[in-house]
Amino acid sequence: MIARVAGNDYRVLTPAELGAWTPSLRVSVVVPAYGGQDKLDLVLAGLAGQTYPAELTEVVVVDNGSDPPLRLPDLRPRDTRLVVCPTPGRAHARNAGLRAATGDVIHWLDSDVVLDRRSVEAHMRWHHAAPYLVVTGYLRFTPAPLPTPEAVAAAEDLAELFEPAEPHAWLVDLIERTDGLTDNPHRAFSLHVGGATSVNAALLAKAGPMDTDLVLGQDTEMGYRLAQAGAVFVPEPLARAFHLGPTMRMRGKAPIDRVSHAFVADRIPAYRWLRSHPARQWKVPYLEVVVEPGEGAHGYDEVRATVDAVLAGTVPDVAVTVPGPWDRVGREGRAPLTDPDLDLVLIRGHYAHDARVRFALASPPPGEPATPYPADGGGRGWGAVPYRLRLPAGWTPGEDTLARLLDLATGEGYGLVSVLLAEDPERGVVTARLERAAAFARAAVVCEEGEALDDAVEDTFGTIWADGETYGFLPEARALTGRRGAYRARTEAQAEAARLAKEVERLRGQVARWREEAGRWRRSAVELRREVGGLRKELAAARKVVQYGLLSTVKRAIIRRR
């Protein structure tokens with residue numbers, strides 16, 4: 001049984017102790033080089049002294065057009081080959097080395113990085129624990145003068161030769177602030193650096209070779225594709241290495257990022273901050289929507305309702321695949337109204353020139369890229385798309401539906417979000433599915449015979465159900481706002497907000513006047529109270545006078561009667 005890692009929490013694995021195990025996997029160390037014979041000699045000397053068995057190690061040195069040509073020194077691993085790649089560029093050189101490699105694991109190594117003698121063993125113990133790992137060692141950058149190859153091969157601890165040295169600060173910071181990459185699996189692929197990283201060969205074959213169109217950022221872009229292929233990324237502090245001199249990034253981070261970001265933005269949808277434009281399209285979209293035919297039929301009106309609603313939503317970084325029997329749709333123009341495949345003709349004709357819509361002969365399996373039909377004008381696929389939504393034709397998402405579903409999936413790292421659209425006694429349950437490519441790719445590796453793939457996804461990434469009505473799905477076409485309508489609505493809202501702001505100011509002025517009037521009333525009330533008090537006193541005095549006068553009159557009357 002293959003061990004299962006949830007998310008990127010590789011801590012559930014138990015790698016063997018160094019020096020206390022028997023390895024069986026073969027490793028190919030691929031070393032692309034351009035010039036620098038003196039440094040290459042040190043790299044090969046370091047590899048010659050590794051504790052990992054020599055019979056399970058091969059080294060492929062790729063001369064990327066050096067002048068004079070590189071040579072293999074006497075002090076090197078016994079199974080070392082030199083191949084030539086005349087096409088300039090590290091990506092071309094690495095791909096040439098990859099084609100020549102025969103190992104179960106590919107260990108990338110730069111021609112100016114010297115490995116500690118236990119480094120390869122520290123990498124390989126992880127690959128024996130699970131077949132879908134990417135392991136990166138800890139690099140330190142040394143300004144020390146170059147020692148002799150013999151000194152490197154004889155050193156028990158390379159720190160004696162190369163310290164003091166600086167750590168790979170960016171990498172160490174990433175690992176520390178993500179608890180070893182376990183609490184932020186969405187960015188774990190950034191760990192893939194070519195200086196000292198090892199990858200399972202089968203996983204690498206699934207992800208594909210390095211992108212030779214990139215100027216910089218090839219390592220990160222390959223790391224992203226490895227993540228979509230189901231990789232788990234492991235930082236290994238026991239795999240130590242020394243970089244001979246400063247790295248390019250240490251010499252100038254800002255200009256390197258400027259060049260790198262301009263290219264990787266098109267290829268790494270996970271870097272959302274690089275895709276801040278509200279409308280443009282990218283080489284690799286963030287979301288692919290597969291419009292599944294309803295009950296086996298391809299109705300033009302139903303497909304159009306779904307596709308148009310998808311493209312009109314608030315997620316512009318989206319592409320659509322429409323599977324169907326497109327190979328049977330001819331170009332015969334006679335009697336179109338009697339064509340039994342008229343709806344297919346209409347669908348293809350309506351979207352043939354929209355670059356966001358492509359056709360496929362079959363719905364792609366979970367975790368696998370769609371195979372486009374050439375009817376789209378080239379047969380190009382979408383690349384390593386991180387999320388795929390399977391949606392029955394005729395069901396339409398609301399303007400913000402896709403964004404909300406993606407927020408649900410990414411917020412907790414779910415591998416599958418199943419959406420209940422309808423329950424019908426005759427038609428059964430109608431659902432949509434938002435699938436995470438990385439989750440289904442890993443599930444395919446760990447899934448046992450007879451086990452449902454969704455169950456393996458539940459174990460490794462988690463699954464959840466959502467209510468379609470709550471998320472805004474409707475079983476019908478809907479009026480589309482569109483960008484112009486949204487602009488008009490925004491303009492009207494801004495005008496209404498300005499009007500309401502003026503009304504608020506008017507009301508505030510009126511309230512101020514009312515408060516001033518209320519103050520005058522309060523002052524008048526006080527004065528009236530004072531006047532009433534005075535009158536009450538006068539009335540009391542008058543009553544006393546009247547009472548005294550009346551009493552005197554009575555007394556005089558009594559006296560006269562006597």
Side-chain angles (χ1 to χ4, degrees), residues 17-23 25-63 66 68-83 97 100-103 105-125 135-168 194-198 236-247:
E17 294 291 332
L18 294 180
W21 63 300
T22 302
L25 297 178
R26 183 171 172 80
V27 59
S28 298
V29 183
V30 176
V31 187
Y34 176 70
Q37 181 71 58
D38 53 348
K39 293 182 178 179
L40 176 63
D41 291 348
L42 300 183
V43 172
L44 294 176
L47 289 172
Q50 290 296 306
T51 59
Y52 198 71
E55 64 272 16
L56 295 177
T57 304
E58 73 169 356
V59 178
V60 180
V61 178
V62 183
D63 186 347
S66 303
L70 296 174
R71 55 172 178 77
L72 295 180
D74 293 334
L75 186 51
R76 66 178 189 267
R78 69 186 190 191
D79 188 0
T80 302
R81 288 176 289 149
L82 178 65
V83 299
T102 61
V105 174
I106 305 299
H107 190 311
W108 305 119
L109 185 64
D110 284 349
S111 61
D112 53 3
V113 173
V114 181
L115 297 181
D116 179 84
R117 59 189 296 110
R118 301 187 303 170
S119 182
V120 172
E121 182 185 356
H123 277 258
M124 292 302 294
R125 67 192 188 120
V135 184
T136 294
Y138 279 58
L139 286 175
R140 293 180 66 81
F141 299 89
T142 176
L146 300 184
T148 64
E150 291 74 17
V152 169
E156 286 295 327
D157 187 352
L158 291 180
E160 301 172 357
L161 301 176
F162 297 122
E163 291 289 357
E166 294 184 42
H168 196 313
T197 295
S198 59
E236 174 50 90
L238 295 180
R240 298 186 302 155
F242 286 89
H243 188 286
L244 304 177
T247 182

Heavy-atom pair of closest approach, residues [X] and [Y]:
X      : Y      : result
Val152 : Pro147 : CG2-CG, 3.8 Å
Ser119 : Leu115 : OG-CD2, 3.7 Å
Ser28  : Thr102 : OG-N, 3.4 Å
Arg118 : Leu18  : NH1-CD1, 3.7 Å
Thr142 : Pro164 : OG1-O, 4.2 Å
Leu75  : Ala153 : CD2-CB, 3.8 Å

Return the [atom1] to [atom2] distance between [X] and [Y], rounded to the nearest 0.5 Å.
X      : Y      : atom1 : atom2 : answer
Leu25  : Met124 : CG    : CE    : 5.0 Å
Thr148 : Leu42  : OG1   : CG    : 8.0 Å
Asp74  : Asp41  : CG    : CG    : 9.5 Å
Leu82  : Leu72  : CG    : CG    : 5.0 Å
Glu163 : Leu161 : CD    : CG    : 10.5 Å

Can you tell me if Glu17 has over 12 outside heavy atoms packed within less than 6.0 Å of its CD? no
Check whether any side-chain heavy atom of [X] sits under 4.5 Å from a side-chain heavy atom of [Y], and report yes or no.
X      : Y      : value
Glu236 : His123 : no
Leu47  : Thr80  : no
Leu56  : Pro23  : yes

Any side-chain donor near an acceptor of the partner, Ser66 and Asp63, under 3.5 Å: yes
Is there a donor-acceptor contact under 3.5 Å linking the side chains of Gln50 and Thr57? no
Between Arg76 and Val61, does the side-chain contact (heavy atoms from CB on, under 4.5 Å) criterion hold? Intermediate values first, please. CA-CA 11 Å; Arg76 66 178 189 267; Val61 178; over 6 Å; no
Are any side-chain N or O atoms of [X] and backbone N or O atoms of [Y], one a donor and one an acceptor, separated by less than 3.5 Å?
X      : Y      : value
Arg78  : Ala48  : no
Glu58  : Ala101 : no
Asp110 : Asp112 : no
Arg81  : Ala100 : yes

Below 6.0 angstrom between ring centroids: does that apply to Phe141 and His168? yes
Given the rule in the side-chain contact (heavy atoms from CB on, under 4.5 Å) test, do Val135 and Arg125 qualify, once you have shown the distances and angles that lead to the verdict? CA-CA 10 Å; Val135 184; Arg125 67 192 188 120; over 6 Å; no
Can we say Asp116 and Arg140 salt-bridge, meaning some charged N sits less than 4.0 Å from an Asp/Glu carboxylate O? no
